[in-house]
Amino acid sequence: MTQLLLMSAIVIFACVLCNKVSSRLGVPTLLAFILLGMFFGSDGVVKIPFDNYAMAEDICSLALIFIMFYGGFGTNWQEARPVAGKSVLLSSLGTVLTAGLVGLFSWKVLGLPQLEGFLLGAVISSTDAASVFSILRSKNLGLRENTASLLEVESGSNDPFSYMLTVIVLSLMTGQAQGSAFAWQVFAQLFFGAAFGVGIALVSQVFLRRFRFASEGFDAIFMVAVALAAYAAPTLLGGNGYLSVYLTGILLGNQPLRSKQALVNFFDGATGLMQMVLFFLLGLLSFPSQLPAVAPTALAVALFLTFLARPIAVTLILGPFRSSLGQILLVSWSGMRGAASIVFSILAVTSPAVTDLDLYHIVFFIVLFSILVQGSLIPLVARKVKMTDGETDVMKTFNDYTDQVPVQFLQCTLTPGHPWAGKAIRDLDLPPACLLVLVTRQGEKLVPNGATVLEPGDQLVLSGRAGGELEGVCLYEKTIKKRDPWLHRPLSDLDTGEGLIILIRRAGDVVIPQGSTVLQEGDVLLISGQ
């Protein structure tokens with residue numbers, strides 16, 4: 001046990017070092033993790049014997065749960081909404097088209113058995129969220145036309161469809177999906193996956209609003225349980241657990257939750273560790289000596305997938321939306337394969353279906369090709385097709401911004417006889433560039449407005465410039481765009497509901513809002529709400 005723990009620590013240290021080195025060399029970090037696993041594996045230098053596909057499937061599936069949950073949790077839906085239709089079609093219909101084209105190529109051109117060819121197409125039909133996120137964020141690659149959001153949503157949501165196709169083809173190979181059984185399997189995958197994803201997210205939202213944890217950090221533990229339940233519950237009924245966990249993540253991530261910054265930091269670190277474990281384990285499970293035998297087939301499929309199947313599917317879907325040629329070319333090139341494809345190939349290897357293909361190493365070769373060639377060249381391709389945008393921050397996710405904006409919070413309590421007691425907020429003489437954000441009265445938190453009358457004993461939270469964080473202050477962003485109903489209107493005329501605009505970012509400057517402040521296109525509003 002002690003030796004295993006020491007070896008685990010050494011591997012994690014090595015992964016952290018590889019992350020630093022690969023970032024400087026411009027090589028995708030996830031490729032470094034795979035190569036490190038191959039270095040430690042049976043055919044590598046360290047020669048750790050490991051060929052337990054069943055154990056690898058369990059560990060990798062667990063890692064994928066958290067990677068997909070955080071992929072949804074970290075997606076900014078406000079930015080993704082304009083391209084949601086494109087993204088959903090790419091992740092669903094695009095995945096099916098890609099699988100079908102690769103399956104036909106493998107069957108008709110390469111001469112593989114029909115179902116085995118379509119199984120290969122199903123396994124590698126999705127783009128990998130971890131790989132795409134890693135490239136976009138490590139390079140801070142801002143893209144025009146909301147292309148970064150398009151890729152993030154597509155790559156985060158198409159793994160469930162690839163998984164569904166894989167399960168269906170395996171069922172056909174074992175004779176379990178015939179007639180009505182086939183129709184039920186498709187229905188169960190989609191219905192239970194979507195229903196449980198939405199249902200668990202809604203229940204979790206209500207719970208988080210009404211329940212206060214006794215100790216800090218338990219909200220993160222609760223979220224871990226939510227992610228596990230979102231996967232396991234629909235899977236027990238034949239539903240798509242990956243679809244469920246992604247939907248749960250994206251619905252919860254776009255809510256103004258308490259301690260959201262802490263949750264983001266927790267899942268950022270946890271997901272990073274899961275990626276290390278997943279890609280290292282996949283490299284450890286491989287036998288590089290077997291790659292030359294599958295190289296001709298794997299290379300042919302990789303080239304067809306990269307230069308024909310993916311571009312055809314993307315063009316057929318994005319063309320009717322009148323997407324620019326640059327966006328179509330970049331999205332086509334950014335269809336990286338990654339860990340999900342290898343994990344689904346392990347699922348195929350451990351299933352009762354009989355296949356003559358060395359499916360794991362074929363897919364492993366394709367993923368290495370995709371990460372090394374496509375991943376390394378995404379920044380270059382983006383510049384060549386003129387899709388880069390230096391003013392767009394791809395690092396933005398929908399989270400708590402208290403440590404990212406120049407706002408400082410001051411808390412005080414009104415004593416009996418205080419000159420503010422008994423006065424409406426509109427009548428107060430507040431300090432310059434200062435705003436009253438929150439009133440706590442007898443344990444109840446109130447979002448104030450100009451008519452709110454203060455009482456002795458009220459706890460007040462005021463905001464000004466600089467950074468800080470206080471309990472009960474929950475922040476989120478809204479960007480004013482064309483045709484926004486708030487555009488060109490003064491704040492005094494707006495109905496913000498339970499929210500209060502406490503700061504405006506405008507053309508690189510910070511504006512402390514007043515009732516007479518008129519909103520302009522491009523303004524980024526920082527809103528405080530319950």
Give, for atom [atom1] of [X] and atom [atom2] of [Y], the distance between the pair rounded to the nearest 0.5 Å.
X      : Y      : atom1 : atom2 : value
Ile168 : Met164 : CD1   : CE    : 5.0 Å
Phe279 : Leu35  : CZ    : CG    : 11.5 Å
Glu152 : Asn146 : CD    : CG    : 10.5 Å
Gln189 : Tyr242 : CD    : OH    : 11.0 Å

- Message: Could you tell me if Thr127 and Asn158 have a donor-acceptor pair between their side chains, going purely by distance under 3.5 Å?
- Response: yes
- Query: For Gln374 and Ser370, does a side-chain donor sit closer than 3.5 Å to a side-chain acceptor?
  - Reply: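 Result is yes, a qualifying pair exists.
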- How far apart are the C-alpha atoms of Ser125 and Ser162, what are their side-chain angles, what is the distance that settles it, and do they pass the side-chain hydrogen bond (donor to acceptor under 3.5 Å, both in side chains) test? CA-CA 6 Å; Ser125 59; Ser162 177; 3.3 Å; yes
- Please report the C-alpha distance between Leu329 and Val314 in whole Å, then the side-chain angles of each, then the deciding distance to 0.1 Å, and finally whether the side-chain contact (heavy atoms from CB on, under 4.5 Å) criterion is met. CA-CA 9 Å; Leu329 291 174; Val314 170; over 6 Å; no
- Task: Decide yes or no on side-chain contact (heavy atoms from CB on, under 4.5 Å) for Thr166 and Leu170, but give the supporting numbers first.
- Result: CA-CA 6 Å; Thr166 301; Leu170 288 173; 4.0 Å; yes
- Task: Heavy atoms only: give me the nearest Pro288-Met38 pair and the separation to one decimal.
- Result: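 Smallest interatomic distance, heavy atoms only, reads CG-CE, 3.5 Å.
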- When you look at CZ of Phe321, are more than 12 heavy atoms from neighbouring residues, nucleotides or ligands closer to it than 6.0 Å? yes
- Message: Are more than 12 heavy atoms, taken from residues, nucleotides or ligands other than Lys481, located less than 6.0 Å from that residue's NZ atom?
- Response: yes
- List the steps and the verdict of side-chain contact (heavy atoms from CB on, under 4.5 Å) for Leu281 and Ile59. CA-CA 9 Å; Leu281 189 61; Ile59 296 175; 3.7 Å; yes
- Query: Can Val224 and Phe66 be said to form a side-chain contact (heavy atoms from CB on, under 4.5 Å), step by step?
  - Reply: CA-CA 8 Å; Val224 170; Phe66 291 102; 3.8 Å; yes
